[in-house]
Number of protein chains: 2
Amino acid sequence: MMELTRKGEYAVRGIIHLARQPYGNVALLSDIAEEADIPQTFLAKIFQQFAKLGFVNSYRGSGGGFSLARPASTITLRQVVEAVEGPIAPNRCIPEADACQRSATCAVHTVWRRVQLQALEILDGVTIEELARESNIQ
Amino acid sequence: MMELTRKGEYAVRGIIHLARQPYGNVALLSDIAEEADIPQTFLAKIFQQFAKLGFVNSYRGSGGGFSLARPASTITLRQVVEAVEGPIAPNRCIPEADACQRSATCAVHTVWRRVQLQALEILDGVTIEELARESNIQ
DNA sequence: ACTAAAAAGGATAAAAATGGTCCTAAAGGC
DNA sequence: GCCTTTAGGACCATTTTTATCCTTTTTAGT
Ligand code: SF4
Ligand code: SF4
């Protein structure tokens, strides 16, 4: 439970593989999808979201593909995950306080908030550059 | 994303309300369900799981109901959540390492592990007794 | 014994989320 | 004009979530 979906996992794997390319290099979606072992049409949707958010540049037509739009060291794991999964929160009442009218006086609520803050602190502190450098994902 | 389901939320709210009773007191499912604002038949399933796990005692028949089987101070939030949601893990590869053959050399994997450990540390440190005492959930 | 109360357990089902696929359009290089 | 490649939208199967309902079992009280 409370697990990343495939979409989130693919987003992370996909952008790490893109970050492995020489910076500025335009890579084919089909190549990234194959290397990262992700269904190509699914990864296409994810990279489209990344393009809208300014994480990657996309180029159409012959010779086209995707490249990182910013240095990998400026993209955090949190940003990537939240781009496709929405706000990171362990309970409904955390991203939307009015999801529960008890939140003002609820001690459980404050526990979930602590969990969220710890998770965000970790994910904010990890960049795609580190992950691309340290990981040896096939 | 990565949010507790209703079942998990109801489990926590339900056992907190039970813990509000004088210790040893046998409460009706219907009363707990109404106080905690949980569909009664749904809460029934949850409390059945709790009974199997030894968190609560159940008594059938007239005069029956549920009571805590252990002092609320010995039941942690983690135990309650894991009872109904399974292992707390931010990604599939955390509870089952062989869910991904990359886990041995994957830097992302170690990040998710850190997130998990932080979350478990927090949830292990909170007991139902504290929550019942500090919360003012209607 | 009889009856009412209450949980146990199993079957069922609607709704939502997940995990994709497919097709057409648009854009760019030759 | 043709080929390549991404963009965008529609669509769909499966799984998970979120319950509800019904029958059975157990118990207390009379
Ligand atoms: S009862 Fe507390 S923890 Fe549960 S949803 Fe409401 S505010 Fe959040
Ligand atoms: S690639 Fe890494 S983070 Fe993703 S599932 Fe595999 S081990 Fe876990």
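Everything numeric in this text was worked out from a predicted model, so none of it was measured. Throughout, protein chains are lettered first and strands after them, A, B, ... in sequence-line order, and every chain is numbered starting at 1.
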Nearest-Å distance, CZ (B:Phe50) to P (C:dA8)? 13 Å

How would you label the contact of B:Tyr59 with the nucleic acid (heavy atoms, under 4.0 Å): base, sugar-phosphate, or nothing? sugar-phosphate

For the side chain of B:Arg60, starting at C-beta, report the closest nucleotide among C:dG20, C:dA7, D:dA19. C:dA7

Side chain of B:Phe66 only, please: which of D:dT6, D:dC21, C:dA7 is the nearest? C:dA7

When you measure from the side chain of B:Glu3 to the backbone N and O of A:Pro90, does any donor-acceptor pair fall under 3.5 Å? no

Within this structure, what is the CG-to-C1' distance between A:Asn57 and D:dA7, rounded to whole angstrom? 15 Å

side-chain N/O A:Ser62 vs C:dG28 OP1/OP2, d < 4.0 Å: no

Touch check for A:Ser58, heavy atoms < 4.0 angstrom, all strands: base, sugar-phosphate only, or nothing? sugar-phosphate

Here the pair of heavy atoms bringing A:Ala97 nearest to A:Ser103 is O-OG, 3.2 Å

Where each residue is assigned the nucleotide of DNA chain D containing its nearest heavy atom, which of A:Lys52 and B:Gln40 is assigned the position nearer the 5′ end? A:Lys52

Please examine the side chains of B:Arg78 and B:Val81, heavy atoms only from C-beta on, and report whether any two atoms are closer than 4.5 Å. no

Rounded to the Å, how far apart are A:Glu3 CD and C:dG19 P? 10 Å

Whole-Å distance, A:Arg92 CZ to D:dT17 P, equals 10 Å

In whole angstrom, give the distance that lies between atom CD1 of B:Ile32 and atom P of C:dA6. 13 Å

With respect to the phosphate group of C:dG19, does any side-chain polar atom (N or O) of A:Tyr10 fall under 4.0 Å of OP1 or OP2? no

Side chain of B:Pro39 only, heavy atoms from C-beta on: which candidate in D:dT20, C:dA8, D:dT18 is closest? D:dT20

Residue met sooner reading DNA chain D from 5', once A:Leu28 and B:Lys7 are mapped to nucleotides: A:Leu28

A:Phe47 near the nucleic acid: base, sugar-phosphate alone, or nothing, with a heavy-atom cut-off under 4.0 Å? nothing

Whole-Å distance, A:Ile46 CD1 to C:dT18 P, equals 13 Å

What nucleotide among C:dG9, C:dC22, C:dA8 has an atom nearest to a side-chain atom of A:Lys45? C:dC22

Are the side chain of A:Arg13 and the backbone N or O of A:Ala36 linked by a donor-acceptor pair below 3.5 Å? yes

Starting at the 5' end of DNA chain C and moving along, which residue's nearest nucleotide shows up first, B:Ala27 or A:Gly63? B:Ala27

Measure CG/B:Leu43 against P/C:dA6 and give the value in whole Å, please. 15 Å

For B:Phe42 and C:dT12, what is the distance between atoms CZ and C1' respectively, to the nearest whole Å? 15 Å

Given 3.5 Å as the limit, does a donor-acceptor pair link the side chain of B:Gln21 with the main chain of B:Val26, or not? no

